[in-house]
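A short write-up of the structure that comes next.
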There are 2 protein chains.
Amino acid sequence: MLDLMASYQDRGAPRFIRVNPSAGEPIALHGLDGLVAKEISFDRDEEIYGEGEPAEYLYCVRRGAVRTFKLLRDGRRQIDAFHLPGEYLGLSATQTHRLTAEAVVDSKVVIVQRKALESRAAQEADIACAMWKLAADNLRNAQDHMLLLGRKTAQERVASFLLKMVRRKEKLGKEAGTLTLPMTRADIADFLGLTIETVSRSFTNLRALGCIALDGAATVKIADRNELEELAEAAA
Amino acid sequence: MLDLMASYQDRGAPRFIRVNPSAGEPIALHGLDGLVAKEISFDRDEEIYGEGEPAEYLYCVRRGAVRTFKLLRDGRRQIDAFHLPGEYLGLSATQTHRLTAEAVVDSKVVIVQRKALESRAAQEADIACAMWKLAADNLRNAQDHMLLLGRKTAQERVASFLLKMVRRKEKLGKEAGTLTLPMTRADIADFLGLTIETVSRSFTNLRALGCIALDGAATVKIADRNELEELAEAAA
DNA sequence: CGGTGAATTGACGCTGCTCAATAGCGGTGG
DNA sequence: CCACCGCTATTGAGCAGCGTCAATTCACCG
């Protein structure tokens, strides 16, 4: 049995879904006898769900990475989060999805039927509590990100982004001296509220300052973490 | 008995807290026998709770308005939300508050002890479910706001802000042809990720375009709502 | 090796920020 | 009742950070 909430355990969130790691098959859920979770594969850039669609499932990333975003009529895009393995999406309590979700790279995602989940949550407090904790966790990330989008400079945004990726990797118990970013500069730009060019220039700056080293566009070595933290302009 | 969740009823969220309207006194909670809610008054600009403090209470605005925000070391501020009567704050599932909360104007706030609330939520599914719905609601607002902060122009931000205030007022069953804004331009600027001057210029523009009329800085008449919606660049 | 999409780099322009002065408004007291 | 005071908002001029447009360069993959 693989615990999908491994990354949340140390933060005290209850684990409530355990899935059998055999891919492609219906998966038994620990403590959710009436529910079935399935693992589904998505190709790079494939849509997982669309904004406005009825919210039929809750999703948990197993492999790869997922972006959730909103669009304006003229095509401007804001990515609200990247979801890495072990993280949940589709938590909104509304009937329809408020975001579009796409696979950043080839990914595997576990899905749980919301209708069944919600009726269980209405009965069992620990299920509902887990949903609360997960939603609150997403909310906290969103609050941090609003500070970044509203008040940080381009350089600070990119430094903050890299540090956050490092911390998430460490939280999973991995060594994070070198990052392999699954997303393109365009994704990073739309996450940070910048353009591709500005993101690229910021990377170049950080390299010139000796904070990071690049090996190709995707591989980032954290050379001077303290300096990076300084440049990220940590909260007061 | 006054139902604090009146504004949520039509959206299907369970009502779980009912308070006696007599101010200053301990208040009985509907369905929460072991808990006591108290109403507290705060003066304009008074702190309700600070970032990093232990999260002892859940808060519900009764009268006035509350801002929640984060600061950077050098004083840059990002307001993540204005909370109006009937709305909840302090929902994060963490031990400490992630934001600072202050009264925008003289306000009354109902508080509920979190420790007791959480132990009840762990037992009773409808309490936990209500917390989920509330957190998810806050999350949805945050997602909309990230799109605004990351991708909208100054004019679009101000137009979106005014429309949102109108819609919130309407949702409470009030006629919203004229708004009375409780917050200053500085608050609006820090909410929209702009400066005071840019906010002021945007108001002036909107007035010149015939979308709004101003009577003093705080009173805004919505003169052409369709045009305002056009300028807010609604999501696709 | 060659082709293709992504990333980088450069030149230039515009939106929104900074700094500064003025105007407006509400509260207070003579 | 009105004049004054302090705070907030508005307006203006100049500037800079980031966006736009365009040209290479790079990396990956067949």
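Residue numbers begin at 1 in each chain, while the letters A, B, ... track the order of the sequences. Side chains are part of it too, since the values below use all heavy atoms of this structure and drop only hydrogens, waters and symmetry mates.
Listed for the R157(A) side chain is a donor-acceptor partner under 3.5 Å among the backbone atoms of K152(A). Between the side chain of R151(B) and the backbone N or O of R77(A), at least one donor-acceptor pair lies under 3.5 Å.
Contact check on D106(B) versus R63(B) returns no salt bridge, with no Lys/Arg side-chain nitrogen under 4.0 Å from an Asp/Glu carboxylate oxygen.
Residue E197(A) contributes atom CD, which lies 14 Å from atom C1' of dG17(D) at whole-angstrom precision. The distance from atom CZ of F203(B) to atom P of dG16(C) is 15 Å, rounded to the nearest whole Å. Between the CG atom of D190(B) and the P atom of dA9(D) there is a distance of 12 Å, rounded to whole Å. For the pair R201(B) CZ and dT8(D) C1', the interatomic distance rounds to 15 Å; values are reported in whole Å. At whole-Å resolution of the value, CZ in R76(B) and C1' in dG17(D) are 13 Å apart. Remark: C1' of dT20(D) and CD1 of I196(A) are 12 Å apart, rounded to the nearest angstrom. Computed from coordinates, the L181(B) CG to dA9(D) C1' distance equals 13 Å when rounded to whole Å. Atoms NZ (K152(A)) and C1' (dG17(D)) sit 18 Å apart, rounded to a whole Å.
Proximity of the aromatic rings of Y49(A) and Y59(A) is defined here by a centroid distance below 6.0 angstrom, and this criterion is met.
The phosphate of dG19(D) (OP1 or OP2) has a side-chain N or O of T198(A) nearer than 4.0 angstrom. For dG19(D), the OP1/OP2 oxygens have a side-chain nitrogen or oxygen of T195(A) closer than 4.0 Å.
Listed nucleotides dC18(D), dT18(C), dT8(C) differ in distance to T204(A); the shortest reach to its side chain belongs to dT8(C). Among the nucleotides dT8(C), dC18(D), dT10(D), the one closest to the side chain of R185(A) is dT8(C).
Interface remark: the R207(B) side chain does not form any donor-acceptor pair with the dT11(D) base, using a distance-only criterion of under 3.5 Å. One cannot find a donor-acceptor pair under 3.5 Å joining the base of dG16(C) and the side-chain atoms of R157(B).
For the side-chain hydrogen bond (donor to acceptor under 3.5 Å, both in side chains) criterion with R67(B), the lone passing option out of D80(B), D190(B), D45(B), T100(B) is D45(B).
Mapping L214(B) and L194(A) onto DNA chain D by nearest heavy atom places L214(B) at the nucleotide closer to the 5' end. Between D215(A) and S200(B), it is S200(B) whose nearest contact on DNA chain D lies nearer the 5' terminus.
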